[in-house]
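Naming convention: chains lettered A, B, ... in sequence-line order (proteins, then strands); numbering from 1 in each chain. What you are looking at is a predicted structure, and each value in this text was computed from that prediction instead of being measured.
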Number of protein chains: 2
Amino acid sequence: MDTAERLIESAQQLLWERGYVGTSPKAIQQRAGAGQGSMYHHFRGKPDLAEAAMRRSAAQLRAQAEAVLAVGDSATARLGGYLERERDPLRGCRVGRMAMDPDVIASDELRRPVEETFAWLRDRLAEIVAEGVAAGELRAGLDPSDTAAAIAAVVQGGYVLARAAGSREPFDAAVRGAVALLAAARA
Amino acid sequence: MDTAERLIESAQQLLWERGYVGTSPKAIQQRAGAGQGSMYHHFRGKPDLAEAAMRRSAAQLRAQAEAVLAVGDSATARLGGYLERERDPLRGCRVGRMAMDPDVIASDELRRPVEETFAWLRDRLAEIVAEGVAAGELRAGLDPSDTAAAIAAVVQGGYVLARAAGSREPFDAAVRGAVALLAAARA
DNA sequence: GTCTATAGCTTGATAGAC
DNA sequence: GTCTATCAAGCTATAGAC
């Protein structure tokens with residue numbers, strides 16, 4: 001693996017663990033086993049490297065989500081599969097976490113990968129809800145876009161509850177609660 | 001208002017805007033119009049002042065939530081009132097935001113106010129769900145604790161979606177989605 | 001491409017005058 | 001109680017040798 005690659009992966013890890021504000025170029029270099037000059041040769045600076053790392057993480061997350069969302073023979077099963085997908089709640093979401101970072105939100109370049117990821121996720125979830133409604137599986141009155149936003153929010157909020165509690169339990173409870181509410185919305 | 005008070009309020013604002021890692025003692029002092037020595041006279045350091053500020057914010061949030069949760073003549077109305085309470089989604093939750101901060105999570109003292117706030121909120125929401133079930137308003141099978149966690153998560157996750165999008169719209173959509181799912185779970 | 005040296009600034013805290 | 005001065009360490013970036 002070359003140096004640029006190691007820098008990106010180290011940045012991905014540190015952004016996940018400590019966020020953008022809490023991650024220094026120096027820490028990235030040390031984890032990657034690279035010197036100062038090496039990093040500034042491959043990237044223009046911290047924002048540039050962070051953007052590359054965030055785009056990478058966003059692409060990986062999307063691939064994982066798509067893999068889960070494609071499986072299941074009913075809308076409820078596919079949405080449930082997304083909600084119950086194996087996660088590590090105490091680590092949080094590597095993309096969603098960035099949305100709480102002031103410097104990320106203040107920069108269009110840095111915010112864009114986060115924005116695109118959630119726009120895609122909401123659309124994808126809404127498609128599945130709409131299919132469930134069309135198939136007569138879910139109630140006719142259920143708004144696909146609103147339901148999708150609620151499902152995505154339960155996962156992101158579950159991370160907050162888990163980290164606040166220092167335990168994965170609230171995350172699992174929120175997922176169970178959401179699955180039960182979806183079950184109640186069957187036609 | 002005395003200096004200690006101004007320091008706490010300034011710290012509350014900055015922690016909300018920039019998180020713990022992104023907030024420096026110097027920035028707090030400047031916003032409060034106080035010097036270095038003044039801050040270190042009233043507080044032992046950044047963690048001490050941050051803890052005071054977070055406890056204050058937690059108490060305020062709890063009072064606001066309790067005020068909303070006490071109003072309404074049915075469980076659905078009270079839970080809906082909590083979900084639809086007036087908020088500024090782009091600012092995020094001043095308590096929930098702290099859960100994403102690595103230094104807050106690493107310190108028991110700093111994490112405790114966050115933990116206590118969400119433990120209280122989940123209990124309070126679960127009580128209301130349980131009352132709704134007992135009254136025959138909500139389905140008998142609905143688990144109060146899981147449903148409460150899902151509701152709290154929708155709000156916290158809604159903030160993430162809104163900040164990612166740079167717009168309050170996803171927050172409002174998630175709330176509408178959650179309200180609709182709760183309506184579907186009526187007995 | 002990678003390294004070391006250096007720069008100028010900020011951080012979080014302490015010292016000591018008033 | 002509040003102020004200014006000072007500190008060692010860390011931050012982000014640039015320069016220039018190799």
Side-chain angles (χ1 to χ4, degrees), chain A residues 1-56 97-98 100-111, chain B residues 1-56 97-98 100-111:
Chain A
M1 191 169 49
D2 67 6
T3 305
E5 201 61 28
R6 287 205 315 281
L7 284 164
I8 289 179
E9 290 194 10
S10 299
Q12 283 185 277
Q13 291 170 18
L14 281 161
L15 288 174
W16 196 352
E17 293 167 16
R18 303 199 41 84
Y20 182 82
V21 168
T23 297
S24 69
K26 188 177 200 171
I28 298 171
Q29 293 151 21
Q30 285 175 340
R31 188 169 296 204
Q36 297 267 94
S38 198
M39 184 192 117
Y40 285 98
H41 171 75
H42 292 287
F43 302 95
R44 285 191 305 274
K46 174 177 167 175
D48 189 39
L49 172 50
E51 190 185 334
M54 285 169 62
R55 292 203 173 278
R56 180 75 61 90
R97 165 188 234 313
M98 298 298 120
M100 285 300 133
D101 217 299
D103 291 3
V104 170
I105 293 308
S107 153
D108 283 344
E109 285 71 38
L110 290 176
R111 186 172 58 80
Chain B
M1 190 170 48
D2 67 6
T3 305
E5 201 61 27
R6 287 205 316 280
L7 283 165
I8 289 179
E9 291 194 9
S10 300
Q12 282 185 276
Q13 292 170 17
L14 281 162
L15 289 174
W16 195 352
E17 293 167 16
R18 304 198 40 85
Y20 182 83
V21 168
T23 297
S24 69
K26 187 178 202 172
I28 298 171
Q29 292 150 22
Q30 285 175 338
R31 188 169 297 204
Q36 298 267 93
S38 198
M39 184 192 118
Y40 285 98
H41 172 75
H42 292 287
F43 302 93
R44 286 191 304 275
K46 174 176 168 174
D48 189 38
L49 172 51
E51 189 184 336
M54 285 169 61
R55 292 202 174 280
R56 180 77 60 88
R97 165 190 233 314
M98 297 297 120
M100 286 299 132
D101 217 297
D103 291 3
V104 170
I105 293 307
S107 153
D108 283 343
E109 285 71 38
L110 290 176
R111 187 172 57 81

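- The side chain of A/Gln36 lies closest to C/dT4, out of C/dT4, C/dA13, C/dT2.
- Whole-Å rounding puts the A/Arg44 CZ to D/dT12 C1' distance at 15 Å.
- Using a 4.0 Å cut-off between a side-chain N of Lys or Arg and a carboxylate O of Asp or Glu, A/Arg56 and A/Glu5 qualify as a salt bridge.
- The nearest whole Å value for the distance from the NZ atom in B/Lys46 to the P atom in D/dG10 is 15 Å.
- Of the candidate nucleotides C/dG12, C/dT2, D/dT12, C/dT2 has the atom lying nearest to any side-chain atom of A/Ser38.
- Considering only the side chain of B/His42, D/dT2 comes nearest among D/dT2, C/dG12, D/dT12.
- Side-chain atoms of B/Ser10 come within 3.5 Å of backbone N or O of B/Arg6 as a donor-acceptor pair.
- Across all strands shown, B/Gly37 has heavy atoms under 4.0 Å from base atoms, whether or not it also approaches the sugar-phosphate.
- Heavy atoms only, all atoms of each residue included: A/Phe43 and A/Asp48 are closest at CA-OD2, 3.5 Å.
- Remark: P of D/dG10 and CG of B/Asp103 are 14 Å apart, rounded to the nearest angstrom.
- One atom, CD1 of A/Ile28, and another, P of D/dT12, lie 8 Å apart when rounded to the nearest Å.
- Not one side-chain nitrogen or oxygen of B/His41 sits closer than 4.0 Å to the OP1 or OP2 atom of D/dC3.
- We find that CE of A/Met39 is positioned 13 Å from P of C/dC3, with the value rounded to whole Å.
- Regarding contacts with the backbone of C/dT2, a side-chain N or O of A/Thr3 is found under 4.0 angstrom from either OP1 or OP2.
- Following rounding to the nearest Å, A/Tyr40 (OH) and C/dT4 (C1') show an atom-to-atom distance of 15 Å.
- Here the CG atom belonging to B/Leu15 is positioned 7.5 Å from the CG atom belonging to B/Leu49, to the nearest 0.5 angstrom.
- Not one side-chain nitrogen or oxygen of B/Ser24 sits closer than 4.0 Å to the OP1 or OP2 atom of C/dT10.
- How far NE2 of B/His42 is from CG of B/Leu7: 7.0 Å, rounded to the nearest 0.5 Å.
- Atom CD in B/Glu5 sits about 16 Å away from atom C1' in D/dG1, given to the nearest Å.
- A straight line from CD of B/Gln29 to C1' of D/dT4 spans 12 Å, rounded to a whole angstrom.
- Applying the 4.0 Å criterion to OP1 and OP2 of C/dT11, one finds that B/Lys26 has every side-chain N and O outside that range.
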